[in-house]
Amino acid sequence: MGRYTNSQLRYALVYVVITSIALLILNIFCSNISQELFNKNKEVAMIERCQLAADEISKLEVINPSTVSDAVSRMESMNVTRLIVTDHTGLIIHDTYQTGSRYALFPEIVQAMAGNDVFSCHYHDGAMQSQAATPIVSYKTTLGCVYMMEYDTEQGSLIQSLQTNVLRITLILEFVVILFSFAFANTFSRRLRQIMHSMHIIQQGDYSHKVKLGGRDELTFLGDEFNDLTERLQTSEQKRHRFVSDASHELKTPLASIKLLTDSILQNDMDMSTVREFVEDIGNEADRLNRTTSKLLSLARIDGQQIQESEIINMAPTVEKVVHMLSGIAKKNGITMECDLTQDSPVLILEDDLYQIAFNLVENGIKYNVPGGNLTVRLLRQDDNALLQVSDTGMGIPEEALGHIFERFFRVDKSRSRASGGSGLGLSIVRTIVQRNRGDISVESQLGKGTTFTVSFPIFDTEVDEE
C-alpha cells in the first residue's frame, strides 16, 4: 500500500502547489490594483490642488516672494508637506520647506516647465510620497510652475493594512485548500484502496465479494463495473465447476464399468461365450467414452475458436446427406423419416457446421422417438430467414425442462439417455455452433406428442447483395 499512499501525497502536493501559485498571483494582482487605485485618486487630488494654486498665482500682477506667500497663505486647502513656486527659469520664489534663493531642478519641475501636468508616487515603509507639478500660465506664456510634495502616512497605512489583509486571507485560503486537498486525496485514495483490496480478494478466488462505494462519481461507476465483472466471474466459475463435475462423472461411469467388467473376467472362470459377452460390453462402454470425449473436444474447439470462417452454401444438399446417413439407424429403430427440402435457401455458414447441426438434431429425433414413430425434416423460408425444422413424435419434453435442454450434460431422462448413448452435450454443441454462425435455435414440445427444433439463419441472397 506504500506506493498508493505516495501517489496520494504526490497528487495532493501538486494540487497544493498549483493553488499556491494561483493564490500568490491573485495576491500580487489585488495588491497592485489597490495601490494603483490609491495612486490614481492621489494624482487627481494633487493635480487639482497644483492647478488651483497655479491659477491663483497667475492672477497676481507681480510675482515675487511676498505676493506669492500672501497668495499661498490665502489657500486654506493647500495641506501638503512641501509647496514650491518657481519662475520660468526654475528659481524658487516660495518654498514652505526652507528659505533662500536657489534653483529647483527636480524632474517634475523640469517637465512642468515644458507645459505638462506631472505626477509621481512612491510607496515605502507604510507611507506614500507623492509629487505633482503644473505650469503657471498667463496669456499662453509659462511664468513658472507650482510643485507639491506630500508624505501621506495615513493612506500608506491604509494600503499596508489592505495588503496585509489580502495576504492574511490568501494564507487562510491556502490553509483551507491544503486541508481539503489532503482530505480529498485521502478519501479518493481510501476508495481506491477499497477497490484494490477487493481485487486482491477476487484474486484469491472469492468471486462472491462485492465492493461497496458511495457517491455518484467515476469511482462508483468503476465499482459497479467491478461488481458486474465479479458476478460474471462467479457465474463462469460455477459453470466451470459444474462442467468439470459433470464431465468427471460422465467419464467415470464408463471407466468404472470397464474396470468392473475386466475384473470380473480376470477373477472368475468363464466360458468363451460369457467372456465374449463381457468384452462386447467393454467395447460398448469404450465407444460411449469415446463419444463423450469427442464431444468434449468439440466443445473446447468451438469455445476456443476466435475467427469464424464461412462460405455461401445451399442447405438442402448437406441436410440430404445427413438424412441419408441416418436413414439406416431410423429404419433399424422402426422410425419413419419424411423429408421436405423444396424451400432451399443459401446461407453463410461452413458446410461442416451445418452438417453437425443437422446430424445432432436428426440423431436425437431418432434416439428419443417412440417405436413406430415419425421424424420430419423440413427446409422453410420465413421473411428473410432460412429455417431447418426437425420434428419427432416422441414422448416430448416437460415444460420445466425446456429452459435447460441446451445446458451441458443436462438430460431430461437420465436413465433413458444413458441407455441410448446420450451424453447431454449434443444440444449444447448445436446451440454454440448456431449462435457462432449468427443464427438462432428454438424448441417447442408437448408431452406425449413430440418435439420440434427450429434453426434459423439469415438468407444470403447473392443477387440482392450484388445490387
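Atom CD1 of Ile282 and atom CD1 of Ile265 lie 4.0 Å apart (nearest 0.5 Å). Note that CG of Asn369 and OG1 of Thr336 are 9.0 Å apart. Values are rounded to the nearest 0.5 Å. For the atom pair Leu24 CG and Thr170 OG1, the distance stands at 8.5 Å (nearest 0.5 Å). Atom-to-atom distance recorded for Glu48:CD and Thr134:OG1 is 11.5 Å, nearest 0.5 angstrom. Interatomic distance, CG of Leu361 versus CG of Leu427, reported as 7.0 Å (0.5 Å rounding). To the nearest 0.5 Å, atom CE of residue Met325 and atom OH of residue Tyr355 are 4.0 Å apart.
Side chain of Asp353 to main chain of Val434: no donor-acceptor pair is present (N/O by atom type, distance under 3.5 Å, no hydrogens or angles). The backbone N or O of Asn116 sits nowhere less than 3.5 Å from a side-chain atom of Gln111 that would complete a donor-acceptor pair. Ser345 contributes no side-chain N or O that, together with a main-chain N or O of Ala386, makes up a donor-acceptor pair within less than 3.5 Å. The backbone N or O of Gly450 lies less than 3.5 Å from no partner atom in the side chain of Asp392, so there is not a single donor-acceptor pair. No donor-acceptor pair closer than 3.5 Å links the side chain of Asn437 to the backbone N or O of Ile349.
For the side-chain contact (heavy atoms from CB on, under 4.5 Å) with Val377, the lone residue among Val322, Val319, Leu326, Asp340 that qualifies is Val319.
When the shell of 6.0 Å around CG of Asn165 is examined, it contains more than 12 heavy atoms from other residues, nucleotides or ligands. Other residues, nucleotides and ligands contribute more than 12 heavy atoms inside 6.0 Å of the CD atom of Gln435. The 12-atom threshold is exceeded at CD of Gln389, counting heavy atoms of other residues, nucleotides or ligands nearer than 6.0 Å. Other residues, nucleotides and ligands contribute at most 12 non-hydrogen atoms within 6.0 Å of the CG atom of Asp383. A 6.0 Å sphere centred on CD of Glu444 holds no more than 12 heavy atoms belonging to other residues, nucleotides or ligands.
Defined by atom type and a distance below 3.5 Å, a donor-acceptor pair is present between the side-chain atoms of Ser120 and Gln131. Side chains of Glu338 and Asn374: a donor-acceptor N/O pair is absent below 3.5 angstrom, by distance only.
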